[in-house]
Colleague: 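So that we are looking at the same thing, I have put the structure below in structure tokens.
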Amino acid sequence: MIIAIDGPSGAGKSTVAKAVAKKLGFSCLDTGAMYRAVAWQALADGVALDDDAALGDVARTHAIAFGHVEGDPVPRRVSIGGVDVTDAIRTAEIDRAVSPVSAAPSVREALVEQQRRIGRAGNYVVEGRDIGTVVFPEAEVKVFLTASDEERAHRRVRQNVDRGVGSIDYAEVLADLRRRDAADSSRETSPLRPAPDAVHLDSTGRYIEDVIDGICELAAQAKAAEPAAQAKAARGVPASQTVRESEEARPARDGGPQEQDAAPERPAAEASSAVRGTVEPE
Ligand code: DC
């Protein structure tokens, strides 16, 4: 099963994607980290950020890898060309460089191909901007996660303070989020926009665990609807449409998501970040 979570920077996609993956025992793919890694490599190699062909070469020739701690489906480290760039891709310099890099069609082509290969290998929560529209239009669950600009900027500042990386100036962070939203939404290739069949969730002022539970519930409904979805897929109807129909058919909760039974126990520290509503902007 693919759970696609799209939305603008700072909406809480990473926090939510990781928590949903842990609850359901799914793997998790942060596609933004892949674009950031290519931006880091392009800067390291002195590649012009408006040179589509050269950026495409960077994306094709440097392997991106995610490092896992044993038993944890959520990756902790990311590397490109064998260099660990986990922290290096979170700087303000990369925040700026990643917009032109992610707008380059040849980069998108290379990374989308890799994302499909990774995601098709198992049950995945995949987060990004174009997951429900381009990468996995057949995803069983599609969520478009948003939050107000101000809340997203506050979250990002808190995260930068915690990480010790990136700007901690609220006005600068807010301006950068808005600049990236505009760039992500207006670019020609795969602009940020909700899939027509995505479920819209606004995390502003909400407990993050409610958002997480809501997505787990959608996954449970999709799983319950699987035989119908498969029959529809054979007739060319997107699977996520079946999820929405099943939601309409079953408005009341009925005992919780099936996959939760199989979910691994979360360590206390990780559980508390979800329970207390801490949101890490992506
Ligand atoms: O989610 P993030 O902020 O780490 O993403 C970094 C940049 O990559 C962001 O400016 C948008 C872009 N991106 C994209 O174009 N498509 C994706 N699927 C994921 C991210």
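Keep in mind that the numbers below use all heavy atoms, side chains included, and drop hydrogens, waters and symmetry copies. Each ligand, and each atom within it, is numbered from 1 in the order the structure gives.
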Colleague: Under 3.5 Å between any N/O of E127 and any N/O of ligand 1: does that happen in this structure?
Modeller: no
Colleague: Is any NZ, NE, NH1 or NH2 atom of the basic residue among D95 and R36 found under 4.0 Å from an Asp or Glu carboxylate oxygen of the other?
Modeller: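 A salt bridge links D95 with R36.
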Colleague: Taking the basic N atoms (NZ, or NE/NH1/NH2) and the acidic carboxylate oxygens, is any pair closer than 4.0 Å for D87 and R163?
Modeller: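 Answer for the salt bridge query: no.
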Colleague: Please list, in number order, the atoms of ligand 1 under 4.0 Å from a heavy atom of S102.
Modeller: 12 (C), 15 (O)
Colleague: Under 3.5 Å between any N/O of R156 and any N/O of ligand 1: does that happen in this structure?
Modeller: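 It does not: no N or O of R156 is found under 3.5 Å from an N or O of ligand 1.
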Colleague: Under the 4.5 Å side-chain heavy-atom rule for ILVMFWY, direct or indirect, which residues accompany F144?
Modeller: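 When side chains under 4.5 Å apart are linked, the cluster holding F144 also contains L192.
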Colleague: Could you tell me whether R36 approaches ligand 1 through its side chain, its backbone, both or neither, with non-hydrogen atoms closer than 4.0 Å?
Modeller: side chain
Colleague: Checking the N or O distance criterion of under 3.5 Å, is ligand 1 in contact with D30?
Modeller: no
Colleague: N/O of D130 under 3.5 Å from N/O of ligand 1, yes or no?
Modeller: yes
Colleague: Any salt bridge linking R193 with D184? Criterion: basic side-chain nitrogen under 4.0 Å from a carboxylate oxygen.
Modeller: no
Colleague: Give a yes or no on whether E150 atom CD has more than 12 heavy-atom contacts from other residues, nucleotides or ligands under 6.0 Å away.
Modeller: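 Result for CD/E150: enclosed.
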Colleague: Could you say whether the N/O atoms of R129 and ligand 1 ever approach to under 3.5 Å?
Modeller: yes
Colleague: If you measure from each non-hydrogen atom of R179 to ligand 1, which part falls under 4.0 Å: side chain, backbone, both or neither?
Modeller: neither
Colleague: Between S99 and ligand 1, is there a nitrogen or oxygen pair with a distance under 3.5 Å?
Modeller: no
Colleague: Does a side-chain N-to-carboxylate-O contact under 4.0 Å join R179 and D176?
Modeller: yes
Colleague: Please list, chain by chain and in numerical order, all residues satisfying ring-ring contact (aromatic ring centres under 6.0 Å, His included) with H154, sequence neighbours excluded.
Modeller: Y170
Colleague: Looking only at heavy atoms of Q115, does any of them come nearer than 4.0 Å to an atom of ligand 1?
Modeller: no
